[in-house]
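Because only heavy atoms are used, hydrogens play no part in the values below, and waters and symmetry mates are left out as well, while side chains stay in.
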Amino acid sequence: VGALPIFPSNRLKYNLNWSTEGLINEYCNHCDAIDFGKKIKLLALEGYERLSFDGSEYEAFNTSGGLGSLCETLYKRVKKLDYKSIRYPGHRDLILFLLQDLKFHSDREHLRNILDRSITTTAQDKCLIFVAINGNSQNKFKQRTYASTVYNTMIGKHHFSAIQVTTASGICTPLDLVLNKKLKQKSGFIKCEDIPLRDFLNNQFGHYYKDEKALRGIDA
């Protein structure tokens, strides 16, 4: 997943669209993952890869916190599971320079002050969502991919950034489904992965994530 400015104008090619403390923790804390069927911890900023998305090039790397409860849910059901943040190419190397070469990994407060002072915010952003699953189906090794982009938009008379839309939608949709008794599970802790994708996307709040082109072949 990546929340990115549409018009990047600094060397990091990034804007502070959400909590700076949360961003730093994402880059510094260990990352939950499953590898060869075992729950493990990975280093943030490792697992580097490049990908193309709607004709544009991006990079992705391990960051913490993104899997939520998926490691517990999919433990012993999948061989490999990880979460990565998507950024414009070159971003990770500059973050590594700050955290490792300049030792800000152990001085997060000063790093936060520097980022807050130097990196602007913007409401002209987009959120990229890319999910790839590999596995055996009908005696064939297959890959299925869900990829979509959520853009900043007008809702009513107000303009909302993409990170605001996706965050609010992700909170309001489960609440709306529970309150309107549209979930089969009636009690107990409800995890995000307990909600069928179609039910989420057809909700009055969840539809902001919806991309019919990205859904083709997902239900099969």
Side-chain angles (χ1 to χ4, degrees), residues 1-4 17-19 21-23 25-26 29 31-34 37 39 53-54 60 63-86 123 125-138 142-220:
V1 176
L4 297 170
N17 294 340
W18 61 295
S19 165
E21 292 91 340
L23 178 70
N25 289 337
E26 190 178 75
N29 296 344
C31 313
D32 292 323
I34 295 175
K39 288 189 284 187
F53 203 118
D54 288 337
T63 50
S64 71
L67 283 180
S69 55
L70 271 178
C71 271
E72 286 69 32
T73 300
L74 297 180
Y75 179 54
K76 295 185 177 180
R77 294 174 58 189
V78 299
K79 293 181 180 179
K80 184 177 179 63
L81 173 71
D82 59 36
Y83 172 90
K84 298 180 180 182
S85 286
I86 299 172
D125 64 341
K126 60 183 178 181
C127 287
L128 308 179
I129 303 164
F130 186 92
V131 184
I133 301 172
N134 298 328
N136 291 307
S137 176
Q138 299 174 341
K142 297 181 179 181
Q143 175 174 309
R144 288 196 178 129
T145 302
Y146 175 87
S148 67
T149 305
V150 181
Y151 289 92
N152 64 94
T153 188
M154 294 292 297
I155 301 178
K157 296 181 179 180
H158 302 281
H159 179 261
F160 290 88
S161 67
I163 191 68
Q164 288 176 322
V165 171
T166 52
T167 301
S169 178
I171 295 170
C172 293
T173 302
L175 288 173
D176 188 56
L177 291 171
V178 169
L179 290 172
N180 287 286
K181 300 180 180 180
K182 293 183 179 180
L183 285 178
K184 293 181 180 179
Q185 184 173 343
K186 297 181 180 180
S187 63
F189 179 72
I190 298 173
K191 297 173 288 188
C192 289
E193 55 268 30
D194 292 330
I195 304 172
L197 180 61
R198 283 286 184 181
D199 291 350
F200 185 98
L201 296 176
N202 289 331
N203 181 266
Q204 61 175 321
F205 301 108
H207 78 90
Y208 289 102
Y209 280 88
K210 196 169 188 176
D211 185 337
E212 287 295 343
K213 183 172 60 176
L215 285 168
R216 292 171 188 163
I218 294 295
D219 294 328

To the nearest 0.5 Å, what is the distance between [atom1] ([X]) and [atom2] ([Y])?
| X | Y | atom1 | atom2 | result |
| --- | --- | --- | --- | --- |
| N203 | C172 | CG | SG | 9.0 Å |
| S137 | K142 | OG | NZ | 4.0 Å |
| N17 | C127 | CG | SG | 8.0 Å |
| T173 | K182 | OG1 | NZ | 11.0 Å |
| I34 | K79 | CD1 | NZ | 13.0 Å |
| Y75 | D32 | OH | CG | 13.0 Å |

Under 3.5 Å, side chain of [X] to main-chain N/O of [Y], donor-acceptor pair present?
| X | Y | value |
| --- | --- | --- |
| T166 | I163 | yes |
| N180 | D176 | yes |
| S161 | N152 | no |

Would you call [X] and [Y] a side-chain contact if the rule is heavy atoms closer than 4.5 Å?
| X | Y | value |
| --- | --- | --- |
| N202 | K210 | yes |
| I195 | P174 | yes |
| Y83 | V1 | yes |

query = Could you walk me through whether T167 and W18 pass the side chain to side chain contact (heavy atoms under 4.5 Å, CB included) check?
reply = CA-CA 10 Å; T167 301; W18 61 295; over 6 Å; no
Q.
Checking T145 against F130 for the side chain to side chain contact (heavy atoms under 4.5 Å, CB included) test, could you report, in this order, the C-alpha distance in whole Å, the side-chain angles of both residues, the deciding distance, and whether it holds?
A. CA-CA 7 Å; T145 302; F130 186 92; 3.7 Å; yes
Looking at every non-hydrogen atom in both residues, tell me the closest pair between [X] and [Y] and how far apart they are.
| X | Y | value |
| --- | --- | --- |
| A162 | D125 | N-OD1, 2.6 Å |
| S169 | F200 | O-CZ, 4.1 Å |
| Y209 | V150 | CA-CG2, 4.1 Å |
| A123 | H159 | O-CE1, 3.3 Å |

Practice item. Please step through side chain to side chain contact (heavy atoms under 4.5 Å, CB included) for the pair D194 and L183, ending with a clear verdict. Key: CA-CA 9 Å; D194 292 330; L183 285 178; over 6 Å; no
Query raised in the report: Would you say K39 has more than 12 foreign heavy atoms packed within less than 6.0 Å of its NZ?
Result: yes
Inspect the surroundings of NZ in K76 and state if more than 12 heavy atoms from other residues, nucleotides or ligands are less than 6.0 Å away.
no
